[in-house]
There are 2 protein chains.
Amino acid sequence: MNEHLQSQLDVSVDCVVFGFHNNRLKVLLIEQENVSKNNNRRYALPGDLVLPDEHIDHAAERVLYELTNLKGIYLEQFHTFGNPNRVRKEDDIEWLNVIRKNPDARVITIAYYALVKMEDYTPSPSSYAEKAEWKDVLDIPELAFDHNKILRKALKKLRKEVSDHTVGFELLPEKFTLGQLQQLYEVILDMQLDKRNFRKAIKKMDTVLALEEKQKGVLHKPAQLFTYIGERKEVD
Amino acid sequence: MNEHLQSQLDVSVDCVVFGFHNNRLKVLLIEQENVSKNNNRRYALPGDLVLPDEHIDHAAERVLYELTNLKGIYLEQFHTFGNPNRVRKEDDIEWLNVIRKNPDARVITIAYYALVKMEDYTPSPSSYAEKAEWKDVLDIPELAFDHNKILRKALKKLRKEVSDHTVGFELLPEKFTLGQLQQLYEVILDMQLDKRNFRKAIKKMDTVLALEEKQKGVLHKPAQLFTYIGERKEVD
DNA sequence: AAAATAAAGTGTTTTTTGTACACTTTCGAA
DNA sequence: TTCGAAAGTGTACAAAAAACACTTTATTTT
C-alpha cells in the first residue's frame, strides 16, 4: 500500500486547439496563475489531470472546458508523452507545488488536438488559468513543461492531415469561400498554391458543397460560399 | 495522501508485434499463467505496467523482452487506450487479482507496434507468460482486456503505413525476393497487385538494393535477392 | 536427355492525375 | 464612370498509375 505512494504516477491530458484568423494559424494557450516570485508569465497548453474514473477523451473535453470555457469541441488524441523527466524545469516544479496535491508525482500526458472555427469559440479563463488567448503559432513563447515539444508534434500532425485533405475545414466558419480555404491551406502548409488547380481539386471532393449564396459586404466581386459536409471519425 | 490511494491509476504498455511467415501475417501473443478454476486459456498481447521512473518507450521494450525474450525490437507508439472500464471482464479481474499488487487500480495503456523478421526472433515465454507464440491475424481468439480492440487498431495502422510504402520490409528476412515482398503487401493490404507495376515502383525506391545474389534451393527459376537499407525514425 | 513445372523477369500503351500558366468578371467605393 | 480587389475560369504538357502477356531458367520427373 505504501508502495503505491512511492510510485506516484499521474496521467494528464493536454489540448492543442488550433484556430485560424486574419490569415494566421493560431493556437489556444492559457497563462497560468502567477505563483512565482520573479513574476514570470507562464504560458501553457490547457491541460490537467485525468480523474480516477474518467475516460481520457472525456478528460480532454472537460479540462479544455474548465480552463477556457470552450465546449463541444471534438478533440483527437495524437501522442502520449512519457519521458519521466518531462516535468523538471525549475518553474515547472514551483508551479506544481502550488497547484497539485502530489507535486512530485511523475506525470504522463496524453496530447489531443482540435481544429475550431474561432468565431464560434471565445475562450474565457477559469480554474487556474488567468488568461486564455489565441496565439499566433509563428510567435509562441517558451511554454511550461514539454509543451513546446507537444505543440511542435501537433503542428506536424496538422500539416500531414491537411496535405492528405482529411482535415482543415473545421478551422473555417460554416460558410466559407474557396479563397479563404486556399489561404488556410497556404498558411498551414507554408507554401503557395495555384488557384485554378486548387479549386479543381476541392470541387471534386464530395464533402464540399457549393451554396446558392454569395459573400456580402466585401469591396470586390463577392465570392460564392461553400460548406463542408464531412463527418466525424469513430471513437474508442 | 489517502486521496492518492483512492485514485489508483496505473499506466501500462501493450505490444503488438507483427511477423510474416508462410505467406501469413502473424502477431505475437502470450498465454498467461493459468489462474482460473475453469481452466480458460487466456491469450493476450504482451504488456505490463510502466515502472515509476521509466520512459514509456523503454517500458515497451522491457516488457516485450521480459515476456517473450525478444530484444532490440523497435516499437512505435500508436494509441493510448483510456476507457475506465477497459479492464472489467470477469476473467480480467480474476487474473489481475493474482498478478497485480493493486488489482483494482484503473489502468490506462499505451499501445505500441512493431514489425519483425520472424526468422530472427524466436520468442520464449518468461515472467507471467506461459507461452509466447505467433498467431495468424486471421485467426485470433478472444483476448484479455481490450486487446482485441487494440489489435484491430494496430492492423489498421499497419495497413495505412504499408499503402504509404513507409513500412513493411521489417517483416522480411534481410535478403528477400521481390516476389516475397509483393506477397507480403498483398497479404497485408488484402488485394492483388500487378507484378510489373509493383516491381517498377519498388525499383525506383532508393531504400531497396539489388544484391548480386540469387535464391537457392527452389524448384523453379531462382529470383534475385534484394535488401532494405532504410533507416529508423526519430524518437521523442 | 527431354519434357514438365513453377515462378522469375521484362515494356508498351492507355488513363489518370498533377502542374503550369493569364485574362475576364463583378461588386463596392471613390 | 472609373478604379481597386479578389473571383472565377480552361487548356496544354508532364508525370504517375494502371492494364496487359509472353519468355526465361533452374529443378524435378519421366
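Labels below follow one simple rule: chain letters A, B, ... track the order of the sequence lines, proteins then strands, and each chain is numbered from 1.
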Quiz item: Can you name the residues that form a salt bridge (Lys or Arg N to Asp or Glu O under 4.0 Å) with Lys200(A), not counting sequence neighbours?
Solution: none
Quiz prompt | Atom pair distance, as rounded to whole Å: CZ in Arg196(A) and C1' in dA6(D) | solution = 15 Å
Quiz item: For DNA chain C, which nucleotides open and close the run of contacts to chain A, 5' to 3', at under 4.0 angstrom from a non-hydrogen atom?
Solution: dT19(C) to dG28(C)
Exercise. Report yes if some heavy atom in the side chain of Thr109(A) is under 4.5 Å from a heavy atom in the side chain of Ile150(A); otherwise report no.
Key: yes
Exercise. Round to a whole Å and report the spacing from NZ of Lys200(A) to P of dA12(D).
Key: 12 Å
Quiz item: Would you call the rings of Tyr228(B) and Phe169(B) parallel, tilted or perpendicular if under 30° counts as parallel and over 60° as perpendicular?
Solution: parallel
Quiz item: Taking NZ, NE, NH1 and NH2 as the nitrogens, is one of them in Lys131(A) or Glu33(A) under 4.0 Å from a carboxylate oxygen of the other?
Solution: no
Self-check item: Spacing between Leu225(A) atom CG and dA7(D) atom C1', to the nearest angstrom
Solution: 12 Å
Exercise. Have a look at Lys216(B) and say if it touches a base, only the backbone sugar-phosphate, or nothing, with a 4.0 Å heavy-atom cut-off.
Key: nothing
Self-check item: Residue mapping more 5' on DNA chain D - nearest nucleotide basis, Arg199(A) or Leu219(B)
Solution: Arg199(A)
Quiz item: What integer distance in Å separates His220(B):NE2 from dA26(D):P?
Solution: 12 Å
Self-check item: Stretch residues 204-215 of chain B: residues that reach within less than 4.0 Å of DNA chain C through a heavy atom
Solution: none
Quiz item: How would you list, by chain and number, every residue that makes a side-chain contact (heavy atoms from CB on, under 4.5 Å) with Lys221(B), sequence neighbours excluded?
Solution: none
Exercise. Check the distance between dA7(D)'s P and Phe198(A)'s CZ and give it to me in whole angstrom.
Key: 12 Å
Quiz prompt | Whole angstrom value for the distance that separates C1' of dG10(D) from CG of Asn197(A) | solution = 11 Å
Quiz item: Is any side-chain heavy atom of Gln32(B) closer than 4.5 Å to a side-chain heavy atom of Tyr43(B)?
Solution: no
Exercise. Rounded to the nearest angstrom, tell me the gap between atom CD in Gln192(B) and atom P in dC20(D).
Key: 14 Å
Quiz item: Taking only residues two or more places apart in sequence, or in another chain, which ones meet Arg86(A) in a salt bridge (Lys or Arg N to Asp or Glu O under 4.0 Å)?
Solution: Asp14(A), Asp146(A)
Self-check item: Integer-rounded Å distance: dA7(D) P and Lys221(A) NZ
Solution: 9 Å
Quiz item: Excluding sequence neighbours, so at least two apart, what forms side-chain contact (heavy atoms from CB on, under 4.5 Å) with Glu66(B)?
Solution: Arg62(B)
Quiz item: Can you tell which of Val137(B), Leu138(B), Leu25(B), Leu171(B) makes a side chain to side chain contact (heavy atoms under 4.5 Å, CB included) with Val187(B)?
Solution: Leu25(B)
Exercise. Assign each of Asp194(A) and Gly217(A) to its nearest nucleotide of DNA chain C by heavy atoms, then name whichever residue's nucleotide is nearer the 5' end.
Key: Asp194(A)
